[in-house]
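Note sheet for the following structure.
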2 protein chains.
Amino acid sequence: MKIKLCYADRMTESASKIVSSHQVPVPLPECALARAIRAIGDGWTLLILREALCGVERFDAMHDDLGIPRSVLAERLSKLVAEGILEQRPYREPGRRQRNGYVLTEKGRALTPALVALREWSEAHLPGGPSRLRLQTADGQEVVTRLMRADGVVLDNSSEIVAVAKPE
Amino acid sequence: MKIKLCYADRMTESASKIVSSHQVPVPLPECALARAIRAIGDGWTLLILREALCGVERFDAMHDDLGIPRSVLAERLSKLVAEGILEQRPYREPGRRQRNGYVLTEKGRALTPALVALREWSEAHLPGGPSRLRLQTADGQEVVTRLMRADGVVLDNSSEIVAVAKPE
DNA sequence: AACTTGGGTATGAAAAATGGACTCAGGTGA
DNA sequence: TCACCTGAGTCCATTTTTCATACCCAAGTT
């Protein structure tokens with residue numbers, strides 16, 4: 001997947017044609033969402049982050065859980081470490097030699113809301129029955145995501161959201 | 001990416017070894033998050049959803065914006081339509097023949113919180129400067145996502161979230 | 001009739017994923 | 001000591017996707 005570094009001229013030539021605030025071609029390099037997708041937007045990477053969120057740290061455990069080819073897992077793990085989303089944590093079991101596991105960094109843990117939102121969407125809109133994966137607080141309450149306005153008012157899911165391009 | 005249909009035996013054999021509530025290998029088919037990732041977790045698909053969220057409806061506009069190969073775009077769009085995330089909306093410009101655009105269904109719009117969360121993560125943790133893509137309410141206030149407990153209390157981002165497997 | 005345009009297909013080359021074998025280091029048991 | 005085991009990878013041949021470019025088609029325009 002080769003993401004283009006810049007938009008074609010469509011934006012400039014069509015800028016005056018934008019009537020509604022919809023139809024907003026923000027150039028990819030100036031879009032935080034596009035950058036996030038470039039960083040973690042691939043199926044195996046997201047599943048690896050799910051494992052990490054569940055506290056699975058070891059190469060072989062991830063390999064067994066996901067059925068991912070070892071070479072792909074190795075490549076994705078090192079990419080996530082290079083990006084600062086995972087870090088290696090050496091550990092040793094009694095009577096075993098030292099090995100490294102992979103755990104989320106602060107930056108990696110900050111992806112929790114996105115993963116929770118995906119989980120909620122899936123439960124609400126995809127077939128497959130209820131999820132056995134629960135994400136909860138230390139005191140056992142389920143965690144959910146909600147859209148809010150910047151002033152803290154929670155939005156119901158019928159509210160209209162519009163995408164606009166900030167003037168450069 | 002071939003996601004395994006079921007876990008290896010690790011879960012059953014290791015079930016008693018789970019000490020902390022971390023290390024929770026929920027089988028992939030019983031995990032809503034895994035199902036969401038299988039449905040939309042690939043880079044081009046996420047970028048197409050971003051276009052749709054921005055109100056871009058036409059094949060050629062998406063092609064120009066993303067630089068995606070036409071064949072890949074055609075394949076992804078038809079998959080999204082088959083999954084009920086996008087729907088074709090025929091339109092005709094004056095003096096032009098009828099064509100179809102692609103717009104989000106209700107199910108597709110329900111992905112907004114996940115995409116907003118990704119955008120926020122990117123702005124907070126990836127380099128690249130501020131995003132020009134703004135998501136806001138009709139009255140112009142920025143929209144954000146927040147983690148909450150089920151009882152409505154907003155969690156700050158230092159709160160500990162634990163993943164647990166519901167008993168089957 | 002010839003030309004244009006949006007919205008796709010077809011095709012061959014290039015890149016990535018897959019699955020299985022192989023490696024390597026350190027610990028264990030005989 | 002030496003053969004063997006294990007976790008954590010690397011290597012490689014085969015298959016599958018992507019990529020880029022060219023081509024196609026239907027309706028409207030000149």
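All chains are named by letter (A, B, ...) in the order of the sequence lines, taking the proteins before the strands, and each is independently numbered beginning at 1.
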Query raised in the report: Ignoring hydrogens and angles, does a donor from either the side chain of A/R70 or the base of D/dG9 sit under 3.5 Å from an acceptor on the other?
Result: yes
Interatomic distance, [X] [atom1] vs [N] [atom2] [rounded to whole Å]:
| X | N | atom1 | atom2 | value |
| --- | --- | --- | --- | --- |
| A/D65 | D/dG7 | CG | P | 14 Å |
| A/D42 | D/dT17 | CG | P | 15 Å |
| B/I68 | D/dC19 | CD1 | P | 8 Å |
| B/Q98 | D/dG28 | CD | P | 10 Å |
| B/E57 | C/dG6 | CD | C1' | 15 Å |
| B/L73 | C/dT9 | CG | P | 10 Å |
| A/K79 | C/dA16 | NZ | C1' | 11 Å |
| B/N100 | C/dG8 | CG | P | 6 Å |

Query - Given A/E57, A/Q88, A/R89, the one that forms side-chain hydrogen bond (donor to acceptor under 3.5 Å, both in side chains) with A/Y102 - result: A/Q88
Requested in this report: May I ask you to decide whether A/E142 forms a salt bridge with A/R134, counting only side-chain N to carboxylate O separations under 4.0 Å?
Outcome: yes
**Report entry** Phosphate OP1/OP2 of C/dT5 contacted by B/R58 side-chain N/O (<4.0 Å)
**Finding:** no
Query raised in the report: Taking only side-chain nitrogens and oxygens of B/K2, does any of them come within less than 4.0 Å of OP1 or OP2 of C/dG19?
Result: yes
Query raised in the report: Looking at the side chain of A/D60, which of D/dT10, D/dC19, D/dA8 is the nearest nucleotide?
Result: D/dA8
Report task. Could you pick out which residue, A/E75 or B/S71, lies toward the 5' side of DNA chain C when each is mapped onto its nearest nucleotide? Result -> B/S71
Requested in this report: Say whether B/V116 and A/V143 are linked into one hydrophobic cluster, either directly or through other cluster members, by side-chain heavy-atom distances under 4.5 angstrom.
Outcome: yes
**Report entry** Modelled atom types, side-chain donor and acceptor of A/E30 and B/S131, under 3.5 Å
**Finding:** no
Query - Check: B/E120/B/T145 side-chain N/O donor and acceptor closer than 3.5 Å - result: yes
Report summary line: Of B/R92 and A/Y102, the one whose closest nucleotide on DNA chain D sits nearer the 5' end is A/Y102
Query raised in the report: Closest nucleotide of DNA chain D for A/M1 versus for A/Y91: which of these residues is on the 5' side?
Result: A/Y91
